[in-house]
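Chain letters run A, B, ... following the sequence lines, proteins first, then strands; residues in each count from 1.
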Amino acid sequence: MNQKEKDIFFTDRLMYWHRVDNKRDMPWKGEHDPYRIWISEIILQQTRVEQGTGYYHRFIKAFPTVEKLAKAADDKVFKLWEGLGYYTRCRNLIRAARLIHTEMENVFPASYECILALPGVGPYTAAAISSFAFNLPHAVVDGNVFRVLSRFFGITEPIDTASGKKNFSDLANRLIDKKRPGSFNQAIMDLGAVICKPRLPSCDQCPLKIHCTAYLKDRIAALPVKGKKPERIERYFYYLVIRYNDKVYVRKRKGQDVWKDLYEFVLFEENRPVSMSRLKKLTFIPDKTGLATCRVTGISETHIQQLTHQTITARFIELRSNSPVSIPGYRAVKPSALLKLPFPKLITHYFKSIG
DNA sequence: AAGTCGGGGTT
DNA sequence: AACCCAGACTT
């Protein structure tokens, strides 16, 4: 079997499987509104379908059109994104919606290049929207596609290099069904999610197995090849939950660190754990300005959050003040307002723990 | 090219 | 505990 025949086998078998045997269903399947497809694709970046589905429904209900999203307050949008992670996606979603609102008369761009130019939209998302909404022949390349193609064609080149990405993209675009690019993209991702899974793939049910290189050579577990593996660093957060009357002090996180645009309490970060005795006296805080009128009323258990590149261990030190406290960058908010602000999972877990 | 950005499910 | 998920952006 030569290369061309193998290409044709791949596409034809994949499309037949999709038409006849693919039972995977998702809320946005068959959707052609580019706005809704865009929302779903951004939500699903590095996110499992099961995890993103609820967010998708809530988002579309709150913001049924790009104009509604463009006109919404930042914190209201972030509140809907709360808990989903990768919060830059939310920031870019807002930016793009406002671009479409103010510069494109609320009409979603209809070409691959213009879609790709939107903030938060990369090659994958541009191809997905192009093919699903506008039936344009651009092949998606996501984690599923890397896996399916590397295994079927026995490609050992790493997928996380510029060259590797280009080669996989070129291959996918060579294979794509030009008549039904949207269906092809859906099919290959579904096959990767349902059959050609990362571990313990269901090769016995695979429509491609008779010509799958990895299956025939028993190389399934070795593909795809990835290069880098991140090192995880340890961080220790000490949050001062300072109350004066019924208000508590918070700020919005800025800079380039994790949880940008989410809220938090008064933070002191250490390189190593701080002992309980020091916590009770707050002796680890270099500048105690403004805390003179505070007394410690409680110290929480440690709350641990595992992120991809770091492990954050946090404790919440609850304080009461008998006078207003002035802390640069922080403001006091009522409990009712607090509930409307977006917080990282670490802090919402703390909320749950204290009721 | 390498590093960074979350949170959760699977094995 | 390691790996991965409908990736994109910054440095």
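Comparing C:dA6 with B:dG3, their C1' atoms sit 23 Å apart, to the nearest whole Å. Remark: the separation of the P atoms in C:dT10 and B:dG6 is 14 Å, to the nearest Å.
Atom C1' of nucleotide B:dC5 and atom CG of A:Leu93 are separated by 16 Å, given to the nearest angstrom. Rounded to an integer number of Å, the gap from A:Arg199 CZ to C:dC3 P is 8 Å. The separation between A:Phe343 atom CZ and B:dG6 atom C1' is 17 Å, rounded to whole Å. If you measure from atom CH2 of A:Trp81 to atom P of B:dC5, you get 17 Å, rounded to the nearest angstrom. One interatomic measurement links the two molecules: OH of A:Tyr87 to C1' of B:dG8, which rounds to 12 Å at whole-angstrom precision. Following rounding to the nearest Å, A:Ile233 (CD1) and B:dG3 (P) show an atom-to-atom distance of 13 Å. Remark: C1' of B:dG6 and CD of A:Gln306 are 12 Å apart, rounded to the nearest angstrom.
Within 4.0 Å of A:Ile43, counting heavy atoms only, lies no atom of the nucleic acid at all.
Between A:Tyr350 and A:Phe265, the ring-plane angle classifies as perpendicular under the 30° and 60° cut-offs. The aromatic rings of A:Phe284 and A:Phe268 sit perpendicular, their planes meeting at an angle over 60°, well past the 30° parallel limit.
Residues A:Leu84 and A:Thr161 both approach DNA chain B. Their nearest nucleotides, taken by heavy-atom distance, put A:Thr161 toward the 5′ side.
Linking Ile, Leu, Val, Met, Phe, Trp and Tyr residues whenever their side-chain heavy atoms come within less than 4.5 Å leaves A:Leu116 and A:Tyr35 in two separate clusters.
Between A:Lys197 and B:dT10 there is no side-chain polar atom (N or O) within less than 4.0 angstrom of OP1 or OP2. Between A:Trp259 and B:dG7, a side-chain N or O to OP1/OP2 separation shorter than 4.0 Å is present.
Remark: A:Arg58 is positioned above the aromatic ring of A:Tyr55, its terminal NZ or CZ atom under 6.0 angstrom from the ring centre and at most 45 degrees off the axis. Judged by a 6.0 Å distance limit and a 45° cone about the ring axis, A:Lys6 is positioned over the six-membered ring of A:Phe152.
Paired with A:Glu318 under the rule side chain to side chain contact (heavy atoms under 4.5 Å, CB included), one option of A:Val248, A:Ile242, A:Ile354 passes, and it is A:Ile354.
Note that OG1 of A:Thr213 and CZ of A:Arg151 are 12.5 Å apart. Values are rounded to the nearest 0.5 Å.
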Sugar-phosphate or base contact per nucleotide [nucleotides 5-11 of chain C; S, B, -; heavy atom under 4.0 Å]: BBBSS-S
